Amino acid sequence: MKQMEKVYLDYAATAPLRKEALEAMMPYFIEDFGNPSSIHSMSRSPRAAVREARETIAKTLNADPSEIYFTSGGTESDNWALISTAQLMSQKGKGKHIIISTIEHHAIMETADYLVKQGYEVTKVGVDETGLVKMDELEKAIRPDTVLISIMTANNEVGTIEPVAEIGKLAHDHGILFHTDAVQAYGHMPIDVKAMNIDMLSVSGHKFGGPKGIGFLYVTKSVRLPPFMHGGEQENGRRAGTTNVPGIVGMAKAAEIAHRDLEKNMERMTGLRDHYIERIEKEIPYCKFNGHRTKRLPGNANFSFYFVEGESLLMNLGMKGVCISTGSACASGSLDPSHVLMAIGVPHEIAHGSIRVSLSEDTTLEQIDYAVDAIKSAVATMRSLSPLYDDFVKTHKEA
Ligand code: PLP
């Protein structure tokens, strides 16, 4: 196997800035550096650029530009949606109960835990073995005091795409607001906030070729979400802080390109992803595919390998130039495997041997084949060092 210098297959963690996005951002660092909130002439060009960016982004979601609020990224958008909706609804006397799923990102999980400490109630609805939210369980969890359902559009670890339109409809049938964390989905699959019954949606720029530290929260017009950041009139008085003009312009350019090429990219990435899945399943014995076979992000594949420790596998792959993530990222300081893999019922002992590859539109077949060869060789090396593996194979064959 000829060593490749670097094969990056961790785009779900972060993606590089698109060159076109960088070019679009450049004027707003030095020449057009003005603050869009000022009233002198230097504010005009940045103000127009932010207006245009808002229009571009709104179009990608079938939203109105007034419904897009720029934030610092996915984490802030998730915090804002949950905390401010909870406050708004309890002030109105509507109730203090929120529903999320067991596979949400930590930005939702930990915000929900924070709300519980503030006196709110949170129900975590389970998922099936493919990662799909159990709709019957969700319906049963709804109470007269439920004010918000927050379920992600697509999962960051196993890539499963949730039935968002159906969840939104269920929420609306009960007069409940619906938020979705679309950080992994936006720019990678079509999203229409109206057709999918979405009231609030979180997005992060760096997951689809925009810069880091910028994102947005879509909030439907009929919801007057109270501000989360205080101290200025930016974003229609709802998100204070000097406007990040280059970040917003760069994110909008990346969003425009991602949506222009969406169909083509989805088709290409799905082909490469399926090639990866097919080769792993055919060529590496005793592995478990995680997530849904078809309802999954085009660029995501997650496998657990028996008798392999994920972290050591990643180190071994790192030496071969392959950059990927473990699907069983331990909570820091804890040996617990990922809550997502636990929620879909991956046995504890193999959850630690899980890895996620995530692709981009620039990923090539050569890179995928190189990564599969590297994984195959690393798994074989690690198993050859495992005293239990031989016994396991013998008993498995006899059985
Ligand atoms: N939500 C999901 C599903 C994510 O995958 C991530 C990041 O990995 C976040 C939220 C947080 O986004 P950000 O990095 O912009 O804070």
Side-chain angles (χ1 to χ4, degrees), residues 8-17 21 57 68-83 100-114 124 127 131-133 150-162 164 167 179-189 191 198 200-218 228-229 239 241 244 247-248 250-252 254-255 258 290-292 295-302 323-332 338-341 343-344 356-360:
Y8 184 81
L9 293 174
D10 199 15
Y11 291 93
T14 197
L17 184 66
I57 286 171
I68 305 296
Y69 296 89
F70 295 117
T71 66
S72 65
T75 304
E76 183 188 326
S77 298
D78 284 347
N79 271 261
W80 185 11
L82 257 63
I83 293 171
I100 64 170
S101 83
T102 51
I103 60 164
E104 296 301 312
H105 187 269
H106 289 288
I108 292 289
M109 285 291 190
E110 289 178 26
T111 304
D113 292 345
Y114 164 79
K124 292 177 184 163
V127 295
L132 285 176
V133 163
S150 177
I151 291 182
M152 67 203 322
T153 313
N155 183 264
N156 46 304
E157 285 188 41
V158 295
T160 303
I161 297 172
E162 300 299 338
V164 169
I167 297 168
H179 165 259
T180 187
D181 174 340
V183 167
Q184 291 291 336
Y186 181 83
H188 302 284
M189 58 176 266
I191 300 176
I198 297 166
M200 284 168 274
L201 170 134
S202 303
V203 168
S204 178
H206 70 107
K207 306 289 188 183
F208 56 92
K212 293 171 184 57
I214 187 77
F216 67 86
L217 180 68
Y218 156 83
F228 182 60
M229 304 286 260
R239 200 282 185 178
N244 177 356
I248 290 167
M251 174 169 67
N290 297 319
H292 198 282
K295 292 175 187 160
R296 71 181 303 114
L297 288 170
N300 171 297
N302 186 310
C323 303
I324 55 181
S325 272
T326 160
S328 61
C330 298
S332 57
S338 121
H339 67 283
V340 176
L341 297 181
I344 64 170
R356 169 193 74 186
V357 304
S358 44
L359 284 48
S360 84

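Both ligands and their constituent atoms are indexed starting at 1 by order of listing. The structure displayed is predicted, hence computed values, not measured ones.
The shortest contact between atom 4 (C) of ligand 1 and any protein heavy atom is with H105 CD2, 3.3 Å. Summary of contacts: the protein heavy atom closest to atom 13 (P) of ligand 1 is G74 N, 3.6 Å. With respect to atom 5 (O) of ligand 1, the closest heavy atom belonging to the protein is Q184 NE2, 2.8 Å. Of all protein heavy atoms, the one closest to atom 1 (N) of ligand 1 is D181 OD2, 2.6 Å.
Within ligand 1, counting atoms from 1 as listed, the ones closer than 4.0 Å to a heavy atom of N156 are 3 (C), 5 (O). Those atoms of ligand 1 that come under 4.0 Å of a heavy atom in S204, given as number and element, are 13 (P), 15 (O). Residue H206 approaches ligand 1 through these ligand atoms, each under 4.0 Å from one of its heavy atoms: 13 (P), 14 (O), 15 (O). Counting the atoms of ligand 1 from 1 in the order shown, those under 4.0 Å from a heavy atom of G73 are 15 (O).
At a heavy-atom distance under 4.0 Å, only side-chain atoms of D78, from C-beta outward, approach ligand 1. Contact annotation for T75 and ligand 1: heavy atoms of both the backbone and the side chain come within less than 4.0 Å of the ligand. Heavy atoms of K207 found under 4.0 angstrom from ligand 1 belong exclusively to the side chain.
Each of E76, H105, H179 was checked for a side chain to side chain donor-acceptor pair (under 3.5 Å) with S202, and the lone residue meeting it is H179. For the pairing with Y69, the ring pair (Phe, Tyr, Trp, His ring centres under 6.0 Å) check across F228, F216, W80 returns one residue only, W80.
Taking any N or O of A154, backbone or side chain, none lies under 3.5 Å from an N or O belonging to ligand 1.
Under 3.5 Å, the side chains of S150 and E104 contain no donor-acceptor pair of N or O atoms. With hydrogens and angles left out, the side-chain atoms of T14 and H206 include a donor and acceptor closer than 3.5 Å. The closest side-chain donor-acceptor pair between N155 and T160, if any, does not fall under 3.5 angstrom.
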Q.
Run N300 and S358 through side-chain hydrogen bond (donor to acceptor under 3.5 Å, both in side chains) and show every step you take.
A. CA-CA 5 Å; N300 171 297; S358 44; over 6 Å; no

Q: Go through the steps to decide whether S338 and E157 satisfy the test side-chain hydrogen bond (donor to acceptor under 3.5 Å, both in side chains), and finish with yes or no.
A: CA-CA 9 Å; S338 121; E157 285 188 41; 2.7 Å; yes

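Heavy atoms from other residues, nucleotides or ligands lying under 6.0 Å from NZ of K212 number more than 12.
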